[in-house]
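Bear in mind the structure is a predicted one, so any value in this text is a computation, not a measurement. Residue numbers begin at 1 in each chain, while the letters A, B, ... track the order of the sequences.
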Amino acid sequence: MQLLLINMGNNLENIRVRFAPSPTGYLHVGGLRTALYNFLFAKKNNGKFILRIEDTDRNRYVEGAVENLISALKWCNLQFDEGPDIGGKFGPYLQSQRLEIYKQYIQMLITEGKAYYCFCTQERLEALREEQLKQKLPQAKYDKHCLGLNKDDITKKLNEKIPYVIRLNVEPNNKITFEDIVRGRVEFESNNIDDQVLIKSDGYPTYHLANVVDDHLMEISHVIRGEEWLSSTPKHVLLYDSFKWQRPIFAHLPLLLNPDRSKLSKRQGDVAVEDYRSKDFLNDALVNFVALLGWNAGDDKEFYYLNELIEKFSLERVNKAGAVFDLDKLNWLNAEHLRKKTDDEILLMLKESILNSQFSTFNYKDFYLLQIISAMKERVSFVNEYLSKSPYFFEAPKAYEEVSVLKNWNRETPQQLEELKLEFSLLENPSKEDYEHALARVSEKLNIGKGKLIHPLRLALSGISTGPGIFDIAFIIGKDEVLKRIDTALKLINLPK
RNA sequence: GGCGCGUUCGUCUAGUGGUCCAGGACGCCGCCCUCUCAAGGCGGAGAUCACGGGUUCGACCCCCGUACGCGCUACCA
């Protein structure tokens, strides 16, 4: 009976995963993808998603980076259950505040002979490396020089305050094997593994020690991280085994790539979540897009909301190969998500956009903006395109697209537009249809095609040749404005001789 | 150099031994719709499944090798 309750293997009942970035600036889209998969896996399995900051490199610390990371995560709606700002049962969640813990655990390793003090100077290390390089050894490795030190030597050096590091004692001639959910079985030769530094001379742990100790203490069940960690996983496995701790389940995710297939980098475009946010991308679209970079549900569905991703996600369906970040597809997804928003949702965003634009001093009525939204909705991919693609709704045109003038404006046009203006001026509270009928009457009267009137009218009202139906535009800006803009155009547009 | 991982249309991908002379999406091109531009609908071009050997009656799918790419190779994460 009792045996049935004991389950030593990892199972899906107590899922705890973590996103563990180092605070070097902002959230990288690759980091977002890692965070997302962790989040999706946790939520799908009723588990916990934890944010832990790996700030054990004091040289790399960037002011405000943690706040930045958190706000980017929140913008993407990846709410974590435990973390530096909200706390939790397993805190603190900043590694720099856990130094005492690492010291305590490293002592266990030293006692067991699994780790040892190393007093070698930087100079000796460099000389060693150079020598090994000269001998064309397959690989530069520490020579375990300090492993030979006896207790007295060590206490003496310690008392003399000679700087030291603590190294992992890797036993030779072993095979180190582990299972990875996305890669399957992975095997390494212990001879190829260096005696990694675990505690640096400044007393801080390296990533390798800290991540293992914390993952164990925080009861992390699955380590889901980027492929760049695959090569150091055997060191972590060695550490788990040395501590006699159960290993978590590993899943190493494929990398995100530049168009030239190198690792996604700043040089070739935007890499920070913030960059996309400031370029008017929707959080839903970014998350949707990034989710599909390395994972798919096995069907043809491409449009997802976060809750749908949670429902469908599984680590088993994560791909092995790196994925190029294709901006075209992100743009498309953004347009898709934007069109699915309600007009009221867009209204809020549009007002925000106006505030940050050249039109910030104008005061548009919600009712007016809503009309613009319904006219432009299927013509924009980004909220700010309401302004850039149809500025004429926000301000009367001051100039007229040249090619369109050349194409649609001829000697007879002014006369014809005068006629149209007259007909329009007779209208009372005109609807779209009223404008349309009025224009039809004029075209009939002058015996010319409607196009002869429509295109110049479009030019006069909008200054450009693209946009919603011309009668919609007329209706939205209103009769007074229509008449005014025709007058202005008549005055400003002069055909070249 | 060593070790590890990977390789299906330009890109993201489906595919788990026969239903694939390989399906979908983005992008591109054409047609329809139409006052323009979009959106939408329809259609098209686009992959000798990196290459070479096996295994098998049969391989994109399994095995081996090669090439290429990427990652790691720090007292960085």
Side-chain angles (χ1 to χ4, degrees), chain A residues 20-24 54-60 95 118 120 122 125 129 133 136-141 163-167 180 182-184 186-189 191-194 196-208 210-211 225-234 252 254-255 257 259-263 289 292-303 319-333 335-336 339 376-381 389-390 404 407-408 436 439 449-455 457-459 462 464-471 473:
Chain A
S22 60
T24 52
E54 311 253 334
D55 58 346
T56 54
D57 184 356
R58 294 187 294 174
N59 304 322
R60 289 232 274 174
Q95 290 187 325
C118 171
C120 289
Q122 207 63 49
L125 259 22
R129 218 182 317 251
L133 212 69
K136 291 221 173 10
L137 253 46
Q139 178 197 179
K141 262 172 61 182
Y164 67 89
V165 300
I166 297 172
R167 289 180 182 273
D180 186 285
V182 344
R183 322 258 151 203
V186 185
E187 191 177 276
F188 290 82
E189 210 74 51
N191 292 350
N192 290 320
I193 296 165
D194 201 1
Q196 183 61 233
V197 170
L198 299 176
I199 298 283
K200 299 181 262 186
S201 56
D202 63 2
Y204 277 66
T206 56
Y207 170 86
H208 307 286
N211 110 85
R225 79 231 297 194
E227 193 192 328
E228 67 265 33
W229 294 110
L230 193 60
S231 303
S232 37
T233 303
H252 287 93
L255 261 20
L257 273 23
D260 70 357
R261 303 206 78 85
S262 57
K263 190 173 163 183
F289 174 66
L292 261 17
L293 252 27
W295 172 87
N296 76 86
D299 53 28
D300 287 341
K301 190 173 162 72
E302 306 234 44
F303 184 95
N319 291 135
K320 299 181 205 310
V324 173
F325 193 94
D326 176 21
L327 204 56
D328 275 335
K329 193 149 185 176
L330 210 209
N331 287 336
W332 168 73
L333 224 29
E336 290 291 299
R339 287 189 199 106
M376 290 299 292
K377 199 168 186 174
E378 60 202 21
R379 286 164 237 271
V380 300
S381 298
K389 287 196 166 174
S390 56
S404 183
K407 189 176 166 200
N408 299 311
E436 191 165 0
L439 184 135
K450 288 186 202 167
K452 284 267 179 275
L453 293 168
I454 284 175
H455 296 296
L457 177 62
R458 175 178 293 282
L459 202 51
S462 76
I464 56 178
S465 59
T466 63
I470 189 59
F471 306 113
I473 295 179

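- Here B:G43 sits opposite B:C29 as a Watson-Crick or G-U wobble pair (both hydrogen-bonding atom distances under 3.5 Å).
- Residue A:Lys320 is in sugar-phosphate contact alone, with no base atom involved, counting any heavy-atom pair closer than 4.0 Å across all strands shown.
- Contact annotation for A:Gly451: no contact, since no heavy-atom pair falls under 4.0 Å across all strands.
- The distance from the CG atom of A:Leu457 to the CG atom of A:Asn408 is 11.5 Å, given to the nearest 0.5 Å.
- Between the side chain of A:Lys377 and the main chain of A:Arg379, no donor-acceptor pair closer than 3.5 Å is present.
- OP1 or OP2 of B:U36 has not a single side-chain nitrogen or oxygen of A:Asn408 nearer than 4.0 Å.
- A straight line from CD of A:Glu436 to P of B:U34 spans 13 Å, rounded to a whole angstrom.
- Remark: the separation of the C1' atoms in B:A47 and B:G1 is 35 Å, to the nearest Å.
- In the set B:U13, B:U36, B:A77, the nucleotide with an atom closest to the side chain of A:Arg458 is B:U36.
- Comparing A:Ser22 and A:Ile470 by the nucleotide of RNA chain B whose heavy atom lies nearest to each, the residue mapping closer to the 5' end is A:Ile470.
- Across all strands, A:Val186 comes closer than 4.0 Å only to sugar-phosphate atoms, never to a base (heavy-atom distances).
- Ring planes of A:Phe325 and A:Phe289: perpendicular class, angle over 60° (limits at 30 and 60°).
- Looking only at side-chain heavy atoms (C-beta outward), A:Asp57 and A:Lys200 come within less than 4.5 Å of each other.
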What are the atom names and distances for every N/O pair under 3.5 Å that joins the protein to nucleotides 63-74 of chain B?
residue : atom : partner  : partner atom : Å
B:G71   : N2   : A:Ser231 : OG           : 3.1

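- A side-chain donor-acceptor contact under 3.5 Å links A:Arg183 to the backbone of A:His252.
- If you check every strand for non-hydrogen atoms under 4.0 Å, A:Glu189 touches nothing.
- Within 3.5 Å, a donor on the side chain of A:Lys329 pairs with an acceptor on the base of B:A25, or the reverse.
- Heavy atoms of A:Glu302 sit under 4.0 angstrom from at least one base atom.
- A:Pro468 comes within 4.0 angstrom of a base, heavy atoms only.
- Panel note: side chain A:Lys389, backbone A:Gly467; no donor-acceptor pair is recorded below 3.5 Å.
- Under the Watson-Crick and G-U wobble criteria, each requiring two contacts below 3.5 Å, nucleotide B:G69 is paired to B:C5.
- Looking at heavy-atom distances under 4.0 Å, A:Gly226 makes no contact with the nucleic acid at all.
- With both ends at atom P, the span from B:C5 to B:C63 equals 13 Å, rounded to whole Å.
- Residue A:Thr56 places at least one side-chain N or O closer than 4.0 Å to OP1 or OP2 of B:A77.
- Nucleotide B:A25 holds its P atom 19 Å from the CG atom of A:Leu330, rounded to whole Å.
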Next item on the list: Decide yes or no on side-chain contact (heavy atoms from CB on, under 4.5 Å) for A:Lys407 and A:His455, but give the supporting numbers first.
Entry: CA-CA 9 Å; A:Lys407 189 176 166 200; A:His455 296 296; over 6 Å; no

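- Contact of A:Arg183 with B:C5 (side chain to base): no donor-acceptor pair of N or O atoms is detected under 3.5 Å.
- For B:G41 and B:C21, the C1' atoms lie 29 Å apart once the distance is rounded to whole Å.
- Taking atom C1' in both B:G54 and B:C61, the straight-line distance is 15 Å, to the nearest Å.
- Distances from the side chain of A:Asn296 to the nucleotides B:C3, B:U13, B:C76 place B:U13 closest.
- Summarising the geometry, the separation between CG on A:Asn331 and P on B:A38 is reported as 16 Å, rounded to the nearest angstrom.
- At least one donor-acceptor pair closer than 3.5 Å links the side chain of A:Asp180 to the backbone N or O of A:Val182.
- The A:Arg379 side chain lies nearest to B:C37 when the options are B:C75, B:G6, B:C37.
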Item checked: Working for side-chain contact (heavy atoms from CB on, under 4.5 Å), residues A:Asn331 and A:Ser381 -> CA-CA 7 Å; A:Asn331 287 336; A:Ser381 298; 5.9 Å; no

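- Put simply, the side chain of A:Asp55 never gets that close to the backbone of A:Pro23: no donor and acceptor are under 3.5 Å apart.
- At a threshold of 4.0 angstrom between heavy atoms, the contacts of A:Tyr204 with the nucleic acid are absent.
- Within the 4.0 Å cut-off from OP1 or OP2 of B:U13, at least one side-chain nitrogen or oxygen of A:Asn319 is found.
- A:Thr233 comes within 4.0 angstrom of no nucleic acid atom, judged by non-hydrogen atoms across all strands.
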Nucleotide N/O to protein N/O under 3.5 Å, stretch nucleotides 30-33 of chain B:
none

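- Under the Watson-Crick or G-U wobble criterion, with both distances below 3.5 Å, B:C20 is left unpaired in every strand shown.
- Summarising the geometry, the separation between NZ on A:Lys301 and C1' on B:C26 is reported as 17 Å, rounded to the nearest angstrom.
- Distance CG (A:Leu293) to C1' (B:A25): 13 Å, rounded to an integer number of Å.
- Here the side chains of A:Phe471 and A:Leu439 are in contact, with some heavy-atom distance below 4.5 Å.
- A:Ile473 CD1 to A:Arg458 CZ: the interatomic distance, rounded to the nearest 0.5 Å, is 5.0 Å.
- Look at A:Lys450 and you won't find any side-chain N or O under 4.0 angstrom from OP1 or OP2 of B:U36.
- Using Watson-Crick or G-U wobble geometry with both donor-acceptor distances under 3.5 Å, B:U34 finds no partner in any strand shown.
- When distances run from any side-chain atom of A:Trp332 to the nucleotides B:G2, B:A39, B:C26, the shortest one goes to B:C26.
- Here B:C37 presents its C1' atom at 9 Å from CE of A:Met376, a figure rounded to the nearest Å.
- For A:Asn192, the side-chain atoms get nearest to B:G2 when compared with the rest of B:G2, B:A39, B:C75.
- B:G24 and B:C68: their P atoms are spaced 34 Å apart (whole Å).
- In this entry the distance linking CD1 of A:Ile473 with P of B:C35 reads 14 Å, nearest Å.
- Taking a pair to require two hydrogen-bonding distances under 3.5 Å in either a Watson-Crick or a G-U wobble arrangement, B:C62 pairs with B:G54.
- When the nearest nucleotides of RNA chain B are assigned to A:Leu125 and A:Thr466 by heavy-atom distance, the more 5′-ward of the two goes with A:Thr466.
- One interatomic measurement links the two molecules: CG of A:Asp326 to P of B:C26, which rounds to 12 Å at whole-angstrom precision.
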Margin query: The test is side-chain contact (heavy atoms from CB on, under 4.5 Å); show your working for A:Glu302 and A:Glu336 and say whether it passes.
Written below: CA-CA 10 Å; A:Glu302 306 234 44; A:Glu336 290 291 299; over 6 Å; no

